[in-house]
Amino acid sequence: MFEGSGSSVLDFQAMSDEGLIEALRTAHGASAAAQAAEVFAVRELYRRHRAVSAEPGPGGVRAGEFAATEAAVALQVDEGSAAAMIDVGLALEDWLPRTRAEFAAGRIDLAKVRVIIDSTRAVARDVLGELEPRLLETAGRTTPVRLRQAARRWAARLDPGGAQRRRERRQDDRDVRIRALQDSMAVFDGVLPAPGAQTVAMRLREMSLQVCAADPRTMPQRRADALVALADGSGRLRCGCARGARCPMAEEVGDAPRRPLIQIGIPADSLLGMQDAPAFLAGYGPIDAGLARMLAENARFQVIPEQSDADEPVDEEQVARSRAARLEHAARLEREVRALDGMCRFPGCTMPAAESELDQRNSAIRAEVTVLCPRHHRLKTLADKRKVPWETWLADPDRLQWTTPTGDVHTTSREGARYLFPHKDIDAPTSRSDNPPQTEPARNAPDDLAYPFRGHALVHRHLCRIAPEDEIPDDTTTPMINIAY
């Protein structure tokens, strides 16, 4: 059907960089339109099955029961994936007409469509008229992960009580599973409440950095070995440099067990119970105010002011005279910038601020300092030195612009500030519903169909550091973390 499209015979080697980027966009749009055609076709097949195959009573055929089976055989996919496509088609037809049109035109792909559906299942229909266009506009300029975070934040603001109810119901789904793979390997997988999952992730990263620079393992391999070390009682990741007592980390003695640090940003009025604006769990995204208040019962607090002395130029003479003043200013600057940024300021990156680095540009003013993960800090440093054809520009304290080698401009904002100071979230919808529907969330949904790479083992090992969370910092010591809020 698509053999005549011509894309397979294009001479990519003869294209300019701009031409390749445009070819990527064209191919991605065509792929999205093809995904939409699959979804709409299998949804119509299901509709026809429902109309003719129902036989009520014991032993009968439930309406539409084998539509997914027929589609799965035709496409050579599992029935769960076919059922997911039917579910997407039904949702688009039932309550998301604008999303259906954008999907059919190839302007958004299946991964983003699923985010929009998941985020609007329990939203009252009277607010969808405002929420759906906002989500579609955001979908056109961000990744599925960032889109999901924005959608959850807005849904929590529209219906704070519903967010807490959905979270309490979903906690019943928590589970840990092991699935066998080939070559004596297994997948260790689980569904956890977000604070617990982030606690595990932070602890594994901390253990992964407790080895010397000569350790040959990638960051994913270190995390896997650290998980086993947690379970076998050793509580520490042994260095793999094979230098024995000559290893600089050989004499390190593990500290007493403690709770790993997780970061939560919440407006003061929500913390005090006066409002129910969502809070921000670093590394995850929005959580409801009720959960944040529960976690705050055993937390250490840091107040992050909207206006701060760190916004003002530093009195260099005073700082030079007083080492204590210099340390105090540096600590306050780091604490406030990490809280306001919340995560790496590169487009689409969700590395928590606590695992990232400050980019100060020789400045000690809060408005001019940003947070970047090690991988994207390295990119920006190389761009500033004109060693790579990227450009960055801090348009204002809330907007950091990135210009790609082909001229595309992407802008990121301070994610944490949107939660600490909700009035700064100018893109958020303002209407609210007092009577949200009690829709049960979908359970055990398959992975995203657009890019089914879960569990994929890399053949080219040099790609292991492409993902920001897999980047091993040049300084392998555990990064200093100064905030817990």
Side-chain angles (χ1 to χ4, degrees), residues 1-5 28-125 128 132 135-136 139 144 148 151 166 169-170 172-173 175 177 179 191 436-455:
M1 178 177 179
F2 295 101
E3 291 179 357
S5 64
H28 190 76
S31 175
Q35 290 172 333
E38 284 191 68
V39 167
F40 301 151
V42 73
R43 186 260 172 268
E44 175 62 18
L45 182 67
Y46 174 76
R47 188 192 66 79
R48 296 182 183 184
H49 274 244
R50 281 188 61 86
V52 301
S53 65
E55 298 179 11
V61 178
R62 293 185 296 273
E65 179 178 6
F66 295 112
T69 304
E70 184 176 344
V73 172
L75 297 176
Q76 294 297 298
V77 299
D78 62 273
E79 291 184 57
S81 295
M85 286 193 287
I86 293 172
D87 183 63
V88 168
L90 292 172
L92 293 175
E93 182 173 335
D94 289 346
W95 72 82
L96 293 168
R98 297 182 181 90
T99 304
R100 186 185 192 280
E102 292 294 293
F103 189 27
R107 286 189 284 268
I108 58 173
D109 60 28
L110 183 54
K112 294 179 181 179
V113 167
R114 287 193 59 198
V115 170
I116 294 174
I117 293 173
D118 291 343
S119 303
T120 56
R121 286 181 188 272
V123 172
R125 300 300 179 258
L128 270 179
E132 187 183 8
L135 292 177
L136 288 173
R148 187 179 296 277
R166 290 190 295 273
R169 288 199 300 266
R170 286 304 298 269
D172 292 339
D173 295 335
D175 185 21
R177 298 173 296 276
R179 177 166 52 88
V191 177
Q438 299 299 310
T439 305
E440 187 71 19
R443 297 172 181 266
N444 301 322
D447 295 337
D448 283 345
L449 305 179
Y451 302 102
F453 295 136
R454 185 178 181 182

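Throughout, residue positions are numbered sequentially from 1 according to the sequence presented.
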Report the residues that fulfil side-chain hydrogen bond (donor to acceptor under 3.5 Å, both in side chains) with [X], sequence neighbours left out, ordered by chain and then residue number.
{"X": "T120", "value": "W95"}
{"X": "E44", "value": "R47, R48"}
{"X": "E38", "value": "none"}
{"X": "R100", "value": "none"}

With sequence neighbours excluded, residues passing side chain to side chain contact (heavy atoms under 4.5 Å, CB included) with [X]:
{"X": "E132", "answer": "L96, P97, R98, T99, L136"}
{"X": "A83", "answer": "A68"}
{"X": "T69", "answer": "F66, E79"}
{"X": "V42", "answer": "A71, M85, I86"}

Quick check: closest heavy atoms across [X] and [Y], and the distance to 0.1 Å?
{"X": "F103", "Y": "I108", "result": "CD1-O, 3.4 Å"}
{"X": "A151", "Y": "S119", "result": "CB-OG, 3.2 Å"}
{"X": "Q35", "Y": "L110", "result": "OE1-N, 3.0 Å"}
{"X": "L90", "Y": "Y46", "result": "CD1-CE2, 4.0 Å"}

Gap between atom [atom2] of [Y] and atom [atom1] of [X] - 0.5 Å precision:
{"X": "D109", "Y": "H28", "atom1": "CG", "atom2": "NE2", "value": "3.5 Å"}
{"X": "K112", "Y": "R107", "atom1": "NZ", "atom2": "CZ", "value": "13.0 Å"}
{"X": "D87", "Y": "I117", "atom1": "CG", "atom2": "CD1", "value": "6.5 Å"}

For this session: Under the side-chain contact (heavy atoms from CB on, under 4.5 Å) rule, what do E102 and V113 come out as? Steps first, then yes or no, please.
Result: CA-CA 9 Å; E102 292 294 293; V113 167; over 6 Å; no
Exercise. Can you find a heavy atom in the side chain of E93 that is under 4.5 Å from one in the side chain of F40?
Worked result: no
